[in-house]
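See structure below.
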Amino acid sequence: MIKQPNMKLIGLFVSISLVALFLMFAYFLKSKFSDNETTVVMYFDESVKGLDVGAPVLFKGVKIGEVSSVRLRANLKTMKFLIPVYAKIYNGKSLITDTTDEKERLNQFISHGLRAQLAINSVITGQLLVELDMFPKSKAVLHEEAGDFYEIPTIASPFAEISKSLQVMPITKIAQDVHNITQTLDKELPPLLKQMNSTLDTVDNILLENKNNTAKMVENVGGAAQAIDSLVGENAASIAAMIESFASAASSMKNLTDYLQMYPNALITGKEY
């Protein structure tokens with residue numbers, strides 16, 4: 001006689017197996033998506049073309065997370081648009097600090113200048129990434145729309161600043177000014193160059209005509225200099241004595257002037273002893 005299997009025992013075994021499998025799966029999800037990741041939001045008011053889900057989030061060049069969602073928020077009253085970018089930050093894996101409290105850590109970073117900005121990930125494909133860095137002098141702008149999500153303030157990217165500057169620049173006026181200057185040069189430069197060439201030709205002719213006279217003049221100047229040197233050499237002693245006499249006379253004159261300043265009546269009454 002064939003013994004019938006114990007259905008209760010089999011059912012209990014299957015139930016225990018399913019519960020164990022469910023617990024393992026729940027633990028995996030918890031460790032994978034809850035404990036080790038924090039979702040943050042960053043609001044950009046510039047174009048995020050090229051920023052896709054899965055784009056890296058870098059801090060000081062180290063990947064600490066990735067973009068999980070890119071959305072568009074519009075205010076129908078003001079017609080202003082904001083682009084909330086959600087990202088998952090890897091807790092404690094790439095960024096190690098002395099606290100495990102994610103909110104406390106993030107608040108400390110933000111208070112000291114943590115900001116997010118867009119950066120180029122690939123020049124060829126035009127893909128973007130989110131780069132975090134410290135900008136202590138920048139203002140932290142936060143949004144109420146963030147709700148319960150941790151928000152990282154943003155600043156404009158370098159290429160957004162360049163684009164904004166180009167929009168402010170009067171490109172049309174600058175182009176018109178350059179065009180006017182070019183036309184003026186086209187009209188006035190050829191006659192000016194022609195006049196300069198004529199002046200240079202005149203100078204060349206004058207130099208050629210006076211070449212001999214110039215040489216004679218230089219020769220005469222050289223001869224005169226030699227004569228002066230010879231005269232000074234022959235009369236050096238006399239010249240030195242004359243200079244000494246002049247110095248003595250000047251000293252006496254100075255003494256007399258000083259005395260008269262002290263005794264103005266000396267010229268009338270004579271020197272007092």
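Linking Ile, Leu, Val, Met, Phe, Trp and Tyr residues whenever their side-chain heavy atoms come within less than 4.5 Å places V40 and V85 in a single cluster. Both I152 and F44 are assigned to one and the same hydrophobic cluster, defined by single-linkage of ILVMFWY side chains at heavy-atom distances under 4.5 Å. In the hydrophobic clustering of ILVMFWY residues, with side-chain heavy atoms under 4.5 Å counting as a link, L51 and F81 come out together. Residue F149 is not grouped with residue L72 when hydrophobic side chains (ILVMFWY) are merged at heavy-atom distances under 4.5 angstrom, including chains of intermediate members. Side-chain heavy atoms closer than 4.5 Å link hydrophobic residues (I, L, V, M, F, W, Y) into clusters, and following such links, even through other members, never connects I155 to I83.
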**Request:** Take E66 and Y90 through the side chain to side chain donor-acceptor pair (under 3.5 Å) test and state the conclusion after the steps.
**Result:** CA-CA 9 Å; E66 61 182 41; Y90 310 142; 3.1 Å; yes
**Message:** As a quick check of understanding, evaluate side chain to side chain contact (heavy atoms under 4.5 Å, CB included) for F135 and H112, giving each step before the final call.
**Reply:** CA-CA 8 Å; F135 298 89; H112 286 81; over 6 Å; no
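Taking both residues in full, the closest heavy atoms of V41 and A146 are given as CG1-CB, 3.9 Å, listed atom of the first, atom of the second, then distance. Here the shortest heavy-atom pairing between L118 and S47 reads CD1-O, 3.6 Å. In this structure, A55 and L128 approach most closely via the heavy-atom pair CB-O, 3.6 Å. Taking each heavy atom of V67 and V70 in turn, the nearest pair found is CG1-CG2, 3.8 Å.
For the atom pair OG1 (T38) and CG (L106), the distance works out to 8.5 Å, reported to the nearest 0.5 Å. One finds the OH atom of Y43 at 5.5 Å from the CD atom of E145 (value rounded to the nearest 0.5 Å). Rounded to the nearest 0.5 Å, atoms CD (E151) and CD (E144) are 10.5 Å apart. One finds the CG atom of L58 at 7.5 Å from the CG atom of N121 (value rounded to the nearest 0.5 Å). Taking CG of L132 as the start and CE of M42 as the end, the distance is 6.5 Å to the nearest 0.5 Å. Distance check, rounded to the nearest 0.5 Å: OG1 of T39 to OH of Y150 gives 10.5 Å.
Looking at T154 and Q117, their side chains never come closer than 4.5 Å, going by heavy atoms from C-beta outward. Counting heavy atoms from C-beta on, the side chains of S157 and E46 come closer than 4.5 Å. Counting heavy atoms from C-beta on, the side chains of L142 and P153 come closer than 4.5 Å.
The main-chain N or O of I110 is found under 3.5 Å from a side-chain atom of R115 such that the two form a donor-acceptor pair.
Because its NZ or CZ atom is both nearer than 6.0 Å to the ring centre of Y86 and within 45° of the ring axis, R71 counts as a cation-pi partner of that residue.
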